[in-house]
> 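Take a look at the following structure, please.
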Amino acid sequence: MIGTIFEIREFSLFDGPGIRTTVFLKGCPLRCLWCHNPEGIREEPELLVNPHLCRKCGKCRAVCPSGERKESGERVPFRGTSCNACGRCVQACPVRIRRICGERIDDDALVKRLVRHRSFFEAEGGGVTFSGGEPLLQAQWVALCAQRLRAEGISTAVETSGYASQKDYRQVISAVDLVIQDIKHPDSAIHKRWTGRSNEPILRNLAILKESNIPFIIRIPLIPGVNDSAEDLSAAASLLRGSDKLLRVELLPFHAGGRAKRSLLSTPSIPDTPESKAFWECHAPTSHDAAAIAPLTQPQTEELLRPFKSLAIPCRVA
Amino acid sequence: MTPKLERLRDWTWLQKDSAERIDVDWSGLPLQSESSRCKRAAICLAAILQAESEHPFIHPDERIVLTRHVRNLPKRYSDEEMAELRKTAYFHEMGVVFNLSPNYGATLAAGLDARREEVLSRRETALREGDSEGIEFLDAVLSGIDAVCSLAEAYRLKALEEGRGDIAETLAQVPRKPARTFLEALQFLRILHFSLWCEGTYHNGIGRFDQFIWPYLKADLESGRLGRDEALELLEEFFLSFNRDTGLYIGVQQGDNGQSMMLGGVDREGNDAVNPLTYMALEACCEVKLIDPKINLRISAQSPIALLEKATQLTRLGLGFPQYANDDVVIPGLVRLGYDLADARDYTVAACWEFIIPGRGMDIPNIDAVCFPAVVNTVLHSREGQNAKSFEVFLELVHREIRSQADLIAQKLQRVDMLPCPFTSLLCDGRIEKARDAAQGNRYNNFGVHGTGIAPAVDSLAALQKTVFQEHSVTLAEMAAVCDTNFQGRDDLLAEVKYDSPRLGIRDSETENGVLGTKEIAKRLIAWFAESWEGRVNCRGGIWRCGTGSAMYYVRHPNEIPASPDGRLKGEPFPANYAPSLGYPVQGPLSVIDAFTAPDLTRVVNGGPLTIELHDSVFREPESITKVAQMVRYFAKRGGHQLQINTINRDQLLDAQRHPEKWRHLIVRVWGWSGYFVELDRPYQDQIIKRAEMTFPA
């Protein structure tokens, strides 16, 4: 069975216990304006170009089979409008600023590659985490791969937005040893405004997760002005009442890194709407290098964690 | 850190570049007329210590004293004299003894009075035997002991004058009598270490500090004389003392001063020797946050994660240490080279990473270097090389060339001499008993040879295998010409070798269908390197040993050869030490570890760490400490010999180049040592920035 992934990253530090390898699955039903991995949104493999390093030699244009080869005068990094990610221009580029993001791979081949990392996992505990994109968009394939890894004695985890059908959701969570799930906003209308989708399936699946016997971690990406108010966090906290298997809640401070990556994409996965422009106007990186906003102070951290602490939920700011 | 220590740290920082130090005119010293090398050494040491005695300085916040006041050491030999001497034999670097780890512990426990008695009694014997050379040496040692004791006495009187009874009390005991307490041991060690620098001996390692100092601390803690907090404060003060005079120390670059300290490991019987001082020393470094002492930690596959986590806390600060050494590999490696098992278990590092035995090693562990990309280049440009019909034949020529490099170096170094170091010899085992200076040799007199650019050489060979022998897209002669013209007009080939050809630790290939994988090529290069030195005896009766270190050659060697078949253009730097080629994204640190631990590293225990760069954002979560610690243990389990992990941030480094005034305190690892980024010459800075491009996560 074939799945589409866009990266296999070894020694991923923040995706579960021990030394882990994370498999990023391509495709996501959500369109969060702050998306950190915009190259994971489209389901199909796609061409990424880093225009900053282009030498304008025109070799990409010359080999493109899209039929748009006519010289337009200016030799700029070329992307055919009907690009089907055939990859010819990748090889043609003398400075290799192009790559195809997305690889179709069958479960056999994936498991074989991951099993090669077994020595890492066995040495210090750890395993494989499926992330994305949204891994549940390829639920059957993820469940299959996870089961096969389990049979190999390799522990697995899934990192998900929780946006999936009940059937898909149950299938995947029962195949893994740990679930790491997001709560982006407790309110359905607001959720829809910032992510393009309602949170109803997410909350329903969260309820399934709470009833299951699977250990889980909840992550809340803190988006200033979107979900970081005391009310929003309290509402999120109350969703987590009575979760025996909840290991902890992690609040992730806002990071604008995803925005720079968007310029690498051939076709924007998140259209530039007035709303998204307004969002980035108030969330622009403060400096070219950090891409992060000022670190939180101790009192700010305490304030953010209070709703969780008051319900005795283990929590921390990452 | 306590406020007192904060003040002392600020002062240390100022002291480093202090303008108040004086230059002394040494031209009046009776050196020209003195033919005895030992006497010259004694005259110079006595003169500098006498000059220091005239300016004792005590900072109000310090309890451990001795600060250099005189900037320049007397020159034992004029440049002309030295040039004459160099005609008679090869004198390495400055021509004096350096890169050694003295046995401080024995003298700390005995006191200089007792050592003086020992020298005097040996002198009696020498007198009876008519051993004039021995007498000359022993007299020079006595002169050194007296000069050191006088300096300490001058400080004691100064302390009394300034109402510092506590300091006077310490100095009433040490250095003449044995150290009894932690404070006395630290003060004594400060005096000895200070005196070695004054003798001209440089790159003096501190050795296994937690081993020879722990008994004093243990006794203090057990008797209640000292609380843990006070002990930590003293230790931090002691660590600060290594930093105040660094502006005066010689080295290739500022910071290259060899003040390396080894922690952890096993004792001479093989028992685990990690103790509370091991942990306390790591903690003190975390607070002091300066470039010295440069911490090394001995580990094994069995190291407890708590120790590795403590060490990782230090890595996280970006000081460029600890550097790890793996007992599981280094000890058997040294035994294989002929070291006694007990000595092998006692190993430490010389200045950077070269494994030596404290008190017993008089090795020259950096006497020369083999440049691996140059070896490949030589074969590629030879008629025989260009006629190679298969990759195996080409490789065999590389094998032969590695051996001829060894022949060349060994032939060149038939007469090696060094100037004596009588006081330093007092701290080397058995030198008094033999009545001979350590410069004439000790238990181990081995020569060490670095190996630079192993990864770029593997990459070049892999590129040749692919383009010439598999794909036939270019011939060997064409590739040689392309390298000579720096890939001019061959963008296509450049892109192919740069991005599509296998690379060690970056895009490793496996051996299949008769095509050699990168790890296999690396295995062979390292095995051939080791073999090329096996069985050779050097001119001082020692052996030759080789390693994976580069020292400063990673900046020098790339300019001596044209572009390489792996697409490294002329002048582009090699990675420092044992690390993947610069400028390519790697899959991750574990793949790098797997690739670089594939060769048998027990055979290259002259040392040279695998170097891994981490981006500082790795440490944004608390459990990252555990994970990086686990990575270190994974390295030990895979049979790595030495590991250096750096935490860096490229943007900071770039900003530091633009605004050096803002980044005076920014510390980076250079090759085997940490220094202040803004004090480095530009090529070293640029190489570090290039390294930073390869951090994890990318």
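What you see is a predicted model; the values in this text were computed from it and never measured.
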> With rounding to the nearest 0.5 Å, note down the distance linking CG in B:Asp491 to CZ in A:Arg55.
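Answer rounded to 0.5 Å: 5.0 Å.
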> For each of B:Glu496, B:Met631, B:Arg650, tally heavy-atom pairs with chain A at distances under 4.5 Å, and name the one with the top tally.
B:Met631
> Please check if atom CD in B:Gln470 has more than 12 non-hydrogen atoms from other residues, nucleotides or ligands closer than 6.0 Å.
yes
> Taking side-chain contact (heavy atoms from CB on, under 4.5 Å) as the definition, give me every residue that meets it alongside B:Ile667, ordered by chain and number, with sequence neighbours left out.
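Scan of B:Ile667 (side-chain contact (heavy atoms from CB on, under 4.5 Å), adjacent residues dropped) gives B:Ile291, B:Leu319, B:Ser674, B:Tyr676.
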> Can a donor-acceptor pair be found, under 3.5 Å and without considering hydrogens, that links the side chain of A:Glu10 to the backbone of B:Ser591?
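Flag set: sc A:Glu10 to bb B:Ser591 pair under 3.5 Å.
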> Starting from the C-alpha separation in whole Å, work towards a yes-or-no answer on salt bridge (charged side-chain N to carboxylate O under 4.0 Å, His left out) for A:Arg248 and B:Glu623.
CA-CA 14 Å; A:Arg248 63 178 176 268; B:Glu623 69 250 38; 3.5 Å; yes
> Strictly distance-based, threshold 3.5 Å: is any side-chain N or O of B:Lys627 a donor or acceptor partner for the main-chain N or O of A:Leu13?
yes
> Check whether A:Pro253 gets within reach of chain B through its side chain, its backbone, both or neither, counting any heavy atom under 4.5 Å.
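It is neither, since no heavy atom gets under 4.5 Å.
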> Heavy-atom distance under 4.5 Å between the side chains of B:Val628 and A:Phe11, does that happen here?
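Sidechains of A:Phe11 and B:Val628: in contact.
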> Which bit of A:Arg116 is near chain B, if near means a heavy-atom gap under 4.5 Å: side chain, backbone, both or neither?
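Neither the backbone nor the side chain of A:Arg116 comes within 4.5 Å of chain B.
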> Please find the pair of heavy atoms, one from B:Ala495 and one from A:Cys93, that lie closest to each other, and give the distance.
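Residues B:Ala495 and A:Cys93, closest heavy atoms: CB-O, 4.4 Å.
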> Suppose we screen for side-chain contact (heavy atoms from CB on, under 4.5 Å). Which residues come up paired with A:Lys309, at least two apart in sequence or across chains?
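A:Lys309 satisfies side-chain contact (heavy atoms from CB on, under 4.5 Å) with A:Glu302, A:Leu305, A:Cys315 once adjacent residues are dropped.
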> For A:Thr21, is it the side chain, the backbone, both or neither that has a heavy atom under 4.5 Å from a heavy atom of chain B?
neither
> Looking at every heavy atom in both A:Phe14 and B:Val618, which two are closest together, and how far apart are they?
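So the two residues come closest at CZ-O, 3.5 Å.
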> Does the side chain of B:Asp594 come within less than 4.5 Å of A:Ser119's, by heavy atoms?
yes
> What residues of residues 632-643 of chain B sit under 4.5 Å from chain A when you count only heavy atoms?
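The stretch touches chain A at B:Arg633, B:Tyr634, B:Lys637, B:Arg638.
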> Under 4.0 Å between a side-chain nitrogen and a carboxylate oxygen: does that hold for A:Arg96 and B:Asp500?
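Answer for the salt bridge query: yes.
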> How would you list, in number order, the residues of residues 301-317 of chain B that have a heavy atom less than 4.5 Å from chain A?
B:Ile305
